Amino acid sequence: MDDNKVIRQLIRVNLELEGIEVVTAADGAECLDIVHQVRPDLVTLDVVMPRLDGLRTAARLRADPRTRDLPLAIISACSQYEVETGLDVGVDAFLAKPFDPSELVRLVRELMQRQRSRQGSAPAAPGDGDDTGSSVAGALRGHLGAGEAKPAGG
């Protein structure tokens, strides 16, 4: 999830090149809608967003029994306060902007693997690949801004 279209596309392209399906959102409210429709394996969030920021989006995802265990990563230029607040609401990881695309891929794969290990399950089936038109990941079905992703090809 990210309000910046260029960053959403950057995240999307880098994750898709690694075989991860990505659905994007431009803000937290859109991210929440998409998460409930798509059921992603992971969500990436930017902190500063219109309508509903990334930290409040993370708090809502953690408060909902359907999404409380969904891995959440903040991809943003965070202050110490924002990092502490993110940890308090249950964000799993942080990646500072500007980021190295290889670090983004590493982080997403690590969080997805950790989630599969917790669940003791096989890799998730691929998502439908729909895009909201605002593009991003959170792929994470929704990212930077709201991103979520699923491994492509199951």
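On a predicted model such as this, the values are computed, not experimentally measured, just so you know.
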Pairs meeting criterion salt bridge (Lys or Arg N to Asp or Glu O under 4.0 Å) with involvement of residues 63-77, two or more places apart: D64-R66
Salt bridge (charged side-chain N to carboxylate O under 4.0 Å, His left out) partners of R51, counting only residues at least two apart: D27
Distance, nearest 0.5 Å, that separates CG of L107 from CG of L111: 4.5 Å
Shortest non-hydrogen separation from D41 to P71 and the atoms involved: O-CD, 3.2 Å
Minimal non-hydrogen separation, A26 against P50, with atom names: O-CD, 4.2 Å
Under the side chain to side chain contact (heavy atoms under 4.5 Å, CB included) test, residues paired with V105 that sit two or more places apart: L15, E18, R109
Set of residues satisfying side chain to side chain donor-acceptor pair (under 3.5 Å) with respect to R106, sequence neighbours excluded: E103, E110
Where I75 and K97 come nearest, the two heavy atoms and their spacing: O-CE, 3.4 Å
Return all side-chain donor-acceptor pairs below 3.5 angstrom for residues 81-90, not counting sequence neighbours, or 'none' if the list is empty.
residue : atom : partner : partner atom : Å
E82     : OE1  : S79     : N            : 2.8
E82     : OE1  : S79     : OG           : 3.4
E84     : OE2  : Q80     : NE2          : 3.2
T85     : OG1  : Y81     : O            : 2.8

Within-4.5 Å side-chain heavy-atom neighbours: L52 and R60: yes
4.5 Å side-chain heavy-atom contact, C31 and V43: yes
Hydrophobic cluster of V6, others only, ordered by chain and residue number, side-chain cut-off 4.5 Å: none
By salt bridge (charged side-chain N to carboxylate O under 4.0 Å, His left out) - contacts of E16 (at least two apart): R12
Close side-chain approach of R62 and V91, heavy atoms under 4.5 Å: no
CD1-CG distance between I7 and D46, expressed to the nearest 0.5 angstrom: 6.5 Å
Beyond-backbone contact of L55 with I74, side-chain heavy atoms, under 4.5 angstrom: yes
Distance in Å, R39 CZ paired with L70 CG, rounded so as to fall on 0.5 Å steps: 10.0 Å
Residues in salt bridge (charged side-chain N to carboxylate O under 4.0 Å, His left out) contact with R56, at least two apart in sequence or another chain: D53
L10: partners by side chain to side chain contact (heavy atoms under 4.5 Å, CB included), with sequence neighbours left out: N14, F99
